[in-house]
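The next block holds one structure in the form of structure tokens; read it before the comments.
Worth saying up front: this structure is predicted, and the values here are computed from it rather than measured. Reminder, nothing fancy here: chain letters follow the sequence lines and each chain counts from 1.
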Amino acid sequence: MDDHHSVVERYERIWLAFGLAMIVVFILLVGYTLVNRGGSVPIGTAKVDATKVRTEGEFANPHLERVGDEYVAYMQAFAFGYLPGEVRVRKGAKVTFYVTSPDVQHGFNIERTNINVEVIPGEVARVSHVFKTAGEYRILCNEYCGVGHASMISKIVVEE
Amino acid sequence: MAVQTLSRPDAYAGVPEKKLTLYMLMLGFAALLVGTLFGPLQSFNYAGIDLYRVLKPMIQSYYQGLTIHGVLNAIVFTQLFGQAVMLYLPSRELRLRPNMTWAWVSWWMALVGLLITVLPILGNAASVLYSFYPPLEAHWAFYVGAAIFVLSSWVTAFLTIEMWTRWRRQNPGKITPLATYMAVMFWLMWLLCSLGLVVEVVVFLIPWSTGLIGGVDPLLMRTLFWYTGHPIVYFWLLPVYTLAYTTLPRLAGGKLVSDPLARLVFLLFLLFSTPVGFHHQFSDPGISPTWKFIHMVLTMMVVVPSLITAFTMAASLENAGRARGGRGWLGWIKALPWHNPTVLAFLLGFLGFIPGGAGGIVNASFTLNQAVHNTTWIPGHFHMQVAILVTMGAMGTAFWLIPHLTGKPLVAEGFAVASQQLWFLGMFIMTFALHWMGWLYQIPRRAFIAGSPAALEAYKQSGVWMTLNAIAGIILTLAIIFFFYVIFATVLQNRREPDQVMSEVPFTQVISGPENSGLAALTDRVWFWFGVAVVLVVLAYGPVLFQMFTHINPVPGQRLW
């Protein structure tokens, strides 16, 4: 029995060493992706008064701007849709999104990309992405926002 | 001399804690019954079939039903099961009685809190789901009831700790027995981590919903919610871990491999459960990526106790299988008592916990999380953990615990076995489908897609996976009927056969005990470790919370359902 027990303890040490090594590998991989592909991580750039989003500041007139070779989009996620209603950009250009909400929390998830933002009233989130293939990309609300939540779908059109 | 009496003999005379435990347990299972009955409606929704139209006008919407499902299953049932088991096990193990007056106070608080919470939900005045993110604003009664309900668990926590300190005074220098140690660590973890939810509800949401303050800061509310919201999953899990460590090896016919390692597991949960909440907020603006990364590393530390548990449980079950005559590399698995509904429930539960844990590591990996955040992958993941291991562990335990508490033998054991097989099968199919729908098609969680032509058009590619949800819904409905038939038929029968039920809690023997173990002695310095846990939380949360509390950006409430 004692013999068997020391075998068990040895296996346990091997198992834990393996587990800890995997954890270290995962952490390193996440660190690598953060440094090299960090644009999709939402950054809070400003605090705003949610009740004035529709009337004052950049978000009162949601729009897409062309800045040199890049695009900047100021977008509202509201109950239950997105403004501007459709975004058209050229393939291969970097698009930076600034998103906020005038009412409750929403999601801003662009399908087939890593863009996945919690849109929180009072907070402005910034993310960026380069669309490498032309086509339509839906924007999906993935945070419960009320009775129209499931239909809160918009789109980005990426042109050749 | 025969004395005629009109009142029934009190089956709980001399053991009042049995009655209390039964009441906690059955209140929890009653909540689970109502909550799970809404489950198939959810899985049919993700098959594109709207069954909610049948429930009108009683239930107004999918979101109202989902609120009932989440609140009753994930908050009410789980807490009541913890209150039942994590006071009763130490009480049996120490052979001490908790203060029964306060124990009943805790039960009444739970009941009253539950009723106050449920009323506005039934009136469609609180369809805010169980995360109730402001600025969606529920009726004030929802928050008041929830606060009373959660504070009832603090009473149970203090009762358990009081019992343990009483034992310590009577047994100076002795190491705390294992189940009691687990219960004490469990309650200390909960006292530390439930603080976020209590502050959110008592300091902000109740004054807000009653009109005393005009708005609350949604980001701060999310942060306080997730301060409790991740460790709460260990609050759900640890009663089942405790039962797995202290009863499962014996029920399976073997012994627990190591007592000191089991203590280490619970100590690690006390230390690392709480300072990890930002991994639910990877997608939130307003928290810097550096802090998110720190919480991710701490989250990875919580993987360690579950890795130890996987090993220890497997080794203990191997011990049981070999003691039952199993031979060879895998023969011991076949030799386990799969026909015993309790053992079956735990075995299948742990089987589901393995892929569920792997998925959890994906969620915890900051950048990988972006591919799955708030998609159906997430309910797929947590149903594997909570609806498979936690709920099956509770159901499996009920099969011996209810007979033990009442003296009434288990009715229809065949149905009990079938309920666990079907539950596992249904949950496995459903969680499998939800994982793929979220990962491949980014279908959002918590979305009434069956009622939205736009959504059905958008997600039509995932039709095959959606069909699996409908199949799972049917299987799970059967499992629910079988399980609740067994436990209610057991508890409501008149037959008491005390010699046919377990008269004692089946505490397991251990191969390697706590005596002369430096590790066991070290882990037994409970208050020192609690202090370390507090310091870790202050370091991991202090600066961010200080910043948020000093820059509150209030937003008025909305009711959009």
Q | Contact winner vs chain A - G451(B), P218(B), S131(B), heavy-atom pairs under 4.5 Å | A | P218(B)
Q: Side chain from CB out, backbone as N, CA, C, O: work out which of these in I27(A) comes under 4.5 Å of a heavy atom of chain B, or both, or neither.
A: both
Q. When only pairs under 4.5 Å are counted, which of A50(A), P121(A), G122(A) shares the most heavy-atom pairs with chain B?
A. P121(A)
**Q.** Contacting region of V124(A) [heavy-atom separation from chain B under 4.5 Å]
**A.** backbone
Q. Backbone N or O of L307(B) within a donor-acceptor pair of the W15(A) side chain at under 3.5 Å?
A. yes
Q. Can you check whether I120(A) reaches D284(B) side chain to side chain, under 4.5 Å on heavy atoms?
A. yes
Q: Mind checking the OH-CZ spacing from Y11(A) to F311(B)? Nearest 0.5 Å is all I need.
A: 9.0 Å
Q | N36(A) atom CG: more than 12 heavy-atom contacts under 6.0 Å | A | yes
**Q.** Main-chain N/O of V48(A) paired with N553(B) side-chain donor or acceptor, under 3.5 Å
**A.** yes
Q | Option in V304(B), I308(B), V303(B) with maximal non-hydrogen atom pairs under 4.5 Å from chain A | A | I308(B)
Q. Highest number of heavy-atom pairs under 4.5 Å with chain B: which of C145(A), G19(A), A46(A)?
A. C145(A)
(Q) Given 3.5 Å as the limit, does a donor-acceptor pair link the side chain of R445(B) with the main chain of N142(A), or not? (A) no
Q.
Given 3.5 Å as the limit, does a donor-acceptor pair link the side chain of Q105(A) with the main chain of P134(B), or not?
A. yes
(Q) What I want to check is whether the side chains of Q370(B) and N116(A) have a donor and an acceptor closer together than 3.5 Å. (A) no
Q | Region of V555(B) in contact with chain A, defined by heavy-atom distances below 4.5 Å | A | side chain
(Q) Between E118(A) and N374(B), do the side chains contain a donor N or O and an acceptor N or O under 3.5 Å apart? (A) yes
Q: Taking E111(A) for its side chain and Y441(B) for its backbone only, find out whether a donor-acceptor pair lies under 3.5 Å.
A: no
Q) Considering only heavy atoms from C-beta outward, does the side chain of V257(B) approach that of V8(A) to under 4.5 Å? A) yes
(Q) For S101(A), which atoms come within 4.5 Å of any heavy atom of chain B: side chain, backbone, both, or neither? (A) neither
Q: Mind ranking R138(A), K47(A), M152(A) by heavy-atom pairs under 4.5 Å with chain B and telling me who comes out on top?
A: R138(A)
**Q.** Part of S61(B) within contact of chain A (heavy atom distance under 4.5 Å)
**A.** neither
Q) Any side-chain donor paired with an acceptor under 3.5 Å for Q558(B) and D103(A)? A) no
Q: Let me see the working for Y144(A) and F448(B) under side chain to side chain contact (heavy atoms under 4.5 Å, CB included), right down to the final yes or no.
A: CA-CA 10 Å; Y144(A) 170 60; F448(B) 181 37; over 6 Å; no
(Q) Is F366(B) close to chain A through its backbone or its side chain, or both, or neither, when contacts mean heavy atoms under 4.5 Å? (A) both
Q: Determine the option with the most heavy-atom pairs under 4.5 angstrom with chain B, choosing from N109(A), V104(A), V117(A).
A: V104(A)
(Q) Just so I know, are the side chains of P285(B) and T45(A) near enough to count as touching, which here means a heavy-atom distance under 4.5 Å? (A) no
Q: Check whether S151(A) gets within reach of chain B through its side chain, its backbone, both or neither, counting any heavy atom under 4.5 Å.
A: both
Q. Based on non-hydrogen pairs under 4.5 Å, which of R222(B), M300(B), K292(B) is most in contact with chain A?
A. R222(B)
Q. Would you find more than 12 non-hydrogen atoms of other residues, nucleotides or ligands less than 6.0 Å from R112(A) atom CZ?
A. yes
**Q.** Interface residue of largest heavy-atom contact number with chain A, from I449(B), L219(B), L66(B), under 4.5 Å
**A.** L219(B)
Q | Side chain, backbone, both or neither of L16(A) within contact of chain B (heavy atoms, under 4.5 Å) | A | side chain
Q. Given a strict heavy-atom distance threshold of 4.5 Å, which part of F26(A) is in contact with chain B: side chain, backbone, both, or neither?
A. side chain
Q | Structural part of I153(A) lying under 4.5 Å from a heavy atom of chain B | A | side chain
Q: Nearest 0.5 Å please: distance from the NE2 atom of H149(A) over to the OG atom of S452(B).
A: 10.0 Å
Q: Please step through side chain to side chain contact (heavy atoms under 4.5 Å, CB included) for the pair L368(B) and V30(A), ending with a clear verdict.
A: CA-CA 8 Å; L368(B) 213 47; V30(A) 171; 5.9 Å; no
(Q) Are there over 12 heavy-atom neighbours, none belonging to E70(A), within less than 6.0 Å of that residue's CD? (A) yes
Q) In terms of heavy-atom proximity below 4.5 Å to chain A, should I361(B) be classed as side chain, backbone, both, or neither? A) side chain
Q. By a 4.5 Å heavy-atom criterion (distance strictly below it), what part of Y62(B) contacts chain A: side chain, backbone, both, or neither?
A. neither
